[in-house]
Amino acid sequence: MARNKYMLTQQESLVLVLDVGPTMHAVLPEVEKVCSMLVQKKLIYSKYDEVGVVLFGTEDTNNELTKEVGGYEHVMVLQDIKVVDGNLVEALQELPRGTIHGDFLDGIVVGMDMLIKKYGPTNKGKKRLCLLTNAASPTKDPYDGMKVDQVNTIAEQMRAHGMKMDCVVVRVMQDWDVDKKIMEENDFLLNAFSYKSSTKTVHVDSPTSLLGALRTRNISPVTIFRGDFEMSSKMKIKVWVYKKTSEEKFPILKKYSDKAPPTDKFATHEIKVDYEYKSVEDPNKSVPPEQRIKGYRYGPQVVPISSAELEAFKFKPEKSVKLLGFTDASNIMRHYYMRDVNIFIAEPGNTKAIVAVSALARALKQMNKVAIVRCVWRQGQGNVVVGVLTPNVSDKDNIPDSFYFNVLPFAEDIREFQFPSFSNLPSSMQPNEQQQEAADKLVQMLDLAPTGKEALRPDLTPNPVLERFYHCLEVKSKQQDAAVPPLDETLRKITEPDPELISQNKVVIDEFRRCFELKENPKLKKSSQRLLREKPSGSSEEVVGNGADAQPIDAIEYTSGVKVEKIGDLNPVQDFEAMMSRRDSTEWVNKAIQDMKNKIFDIVENSFEGDTYHKALECLVALRKGCILEQEPKQFNDFLRRLVKFCQEKDLKSFCEYLSSHEITLISKKEALDSEISEDDARSFIVKREPKAEQAEQGL
């Protein structure tokens with residue numbers, strides 16, 4: 001009973017209030033998609049939620065208020081409030097088309113009446129109305145007072161019964177004649193709901209925005225921290241911290257068994273997985289937990305660490321949020337941000353905390369600075385987070401100021417990538433004025449916000465991969481052997497360029513294509529080729545063309561002015577890189593790799609007491625990097641194995657130890673997809689090849 005009672009308190013009760021009048025007919029297919037998707041997600045994540053559906057603008061009238069008090073005409077209850085099921089999905093996929101211009105206020109009142117009669121004063125905070133309309137039809141005048149008074153009365157009742165409302169106003173470009181005064185009046189009434197009750201209104205102007213506007217999954221906000229924001233030892237502000245953004249994951253797919261009898265109604269079909277550990281010496285003997293211990297690889301050995309030692313190793317800071325200092329906002333680069341975004345707010349109801357947070361946020365905003373803080377969200381947390389607080393000054397009187405929090409990286413988290421400078425390239429590799437102008441026009445053509453209305457807004461654009469998954473799951477639930485349905489046209493607009501935009505700007509695209517001639521790469525590779533490289537030291541490239549008269553760039557056929565044909569003894573690394581960058585033949589990459597292999601063998605074999613090991617190491621590092629970039633991991637891995645074997649046979653084990661000390665490993669699958677070597681095998685390769693390590697393993 002306790003479990004069922006908990007489920008009832010957590011479930012959401014939702015009433016969809018849908019406008020099906022004549023002016024909505026053009027967008028009703030999209031409304032059907034988003035409403036059915038809402039129920040599909042509830043079947044996955046919240047199967048105990050209850051949903052009802054109210055339609056307004058219908059020719060028929062079917063609701064309890066009409067029978068009880070009269071009025072509320074052309075409002076029909078399509079489904080009473082009940083637990084979500086597959087039948088509701090099908091009903092929402094085939095909504096009736098109305099013939100009357102409906103009154104959205106009547107639809108809201110009928111939906112609110114359904115929730116009150118179903119739950120009364122209970123389930124506060126879990127009752128929600130969702131209105132979808134274009135707000136283009138006139139509303140009836142009330143018997144007493146004005147329309148605004150009617151809205152205030154409805155809003156007060158919603159607040160008294162703990163109801164929330166989402167209003168989605170759909171106004172896609174259509175050929176219907178609507179009185180703008182009516183639309184402005186309706187917008188005013190909907191905005192009045194936002195001030196008087198817990199109502200959120202969103203305007204959308206495209207099918208893709210409609211898919212993302214309706215909150216299909218209700219996620220209750222949960223604090224990750226409640227406590228003091230320590231400005232100093234004598235000044236502390238009470239704050240709450242919530243997650244502002246978080247990646248939506250795929251639903252967890254579990255394994256189920258079909259061995260249970262079909263007649264068993266209580267069968268869970270769940271699979272329980274048990275692991276059993278066997279001894280290497282005696283495979284028939286199980287190793288109990290008390291005889292097992294974790295170990296960490298440290299060089300050639302494995303260091304065993306018990307659970308008690310591991311617990312003692314852990315860093316256990318106290319729960320706290322402490323200010324470290326302030327810095328200019330320009331010092332924190334956007335690419336430093338890591339993980340999800342959190343929001344710091346003052347403790348609700350704490351006037352002093354609200355004033356303090358607001359004063360600090362406005363001061364930082366005015367001075368263009370940010371705060372650096374040290375955070376430990378909970379007691380016993382094993383790590384410390386350092387992040388930046390960016391002021392979020394509210395422009396609404398009823399919303400207090402706050403801070404956005406982003407995690408900053410430590411030194412170990414930063415990846416530095418060195419790229420060649422464009423200034424080192426010859427003029428033939430740099431765009432002329434005509435090419436630059438063509439590129440500027442292409443960028444302007446693809447502007448997602450040309451008139452101030454941004455397309456593909458993150459808060460209104462659904463994840464097409466997740467939406468497609470939910471749709472496929474719904475199809476499979478009806479027929480297990482059904483084929484995968486094609487991608488929905490609305491989702492296709494998110495994943496592919498707009499065909500209409502492309503056709504309208506064909507001249508711009510053709511001009512860009514003319515200025516930048518492209519030719520097929522004669523060498524087929526799975527990864528992109530390195531086309532641009534630093535010129536070798538002392539080289540002087542030949543300048544071909546200059547200024548506006550320069551010919552279109554052929555990036556594939558470009559070759560460096562210095563055409564190195566073999567790897568010399570003076571600068572083998574530079575020669576190797578120059579050969580790898582040549583694109584006048586498909587053979588240069590393989591030749592450069594083979595020549596570098598031979599050069600490394602010669603350097604190692606002719607060394608005296610390791611005097612040339614450092615040079616061999618530089619060549620080996622360059623070879624490894626080149627094989628990763630050119631997706632040739634097998635060539636390097638085979639060579640490194642042969643090199644280690646060669647050194648062991650020629651009594652050059654000191655070179656193996658030298659490589660091990662500099663952590664030269666095989667190329668793993670993580671570095672190159674074509675590699676067949678795991679990360680652990682790559683790190684331990686040289687150790688495994690040493691006779692001592694092999695004897696130790698045999699002894700174990």
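Just so it is clear, the structure is predicted and the values come from calculations on it, not from any experiment.
- Within the 4.5 Å cutoff, no side-chain heavy atoms of L131 are placed close to those of L16.
- Inspection of the T461 and R457 side chains reveals no N or O donor paired with an N or O acceptor under 3.5 Å.
- Remark: aromatic rings of F250 and F469 are close, center separation under 6.0 Å.
- A heavy-atom distance below 4.5 Å is not found between the side chains of I628 and F636.
- Scanning both residues, D401 and S394, for their nearest heavy atoms gives OD1-N, 2.8 Å.
- A salt bridge does not link E489 to K493: none of the charged side-chain nitrogens sits closer than 4.0 Å to a carboxylate oxygen.
- Side-chain contact annotation: N463 with E467, donor-acceptor N/O pair under 3.5 Å absent.
- Side-chain contact check for N392 and S402: at least one donor-acceptor pair (N or O, by modelled atom type) lies under 3.5 Å.
- Partner of R171 under the salt bridge (charged side-chain N to carboxylate O under 4.0 Å, His left out) criterion, chosen from D205, D19, D187: D187.
- When side chains are defined from C-beta on, L364 does not count as touching T390, because their heavy atoms never get closer than 4.5 Å.
- Of all heavy-atom pairs spanning N186 and A135, the tightest one is ND2-O, 2.9 Å.
- Looking at heavy atoms from C-beta onward, F326 lies out of side-chain contact with V370 at the 4.5 angstrom threshold.
- A side-chain donor-acceptor contact under 3.5 Å links T23 and N134.
- Side chains of S46 and E12: no donor on one and acceptor on the other come within 3.5 Å.
- When all heavy atoms of P391 and K369 are compared, the pair lying nearest together is CD-O, 4.0 Å.
- A pairwise comparison of heavy atoms in A361 and V393 identifies O-CG2, 4.2 Å as the closest pair.
- Nearest heavy-atom pair, M183 versus A136, reported as atom, atom and distance to 0.1 Å: CG-CA, 4.1 Å.
- Using a 30° and 60° split on the angle between ring planes, F344 and F405 fall in the tilted class, from 30° to 60°.
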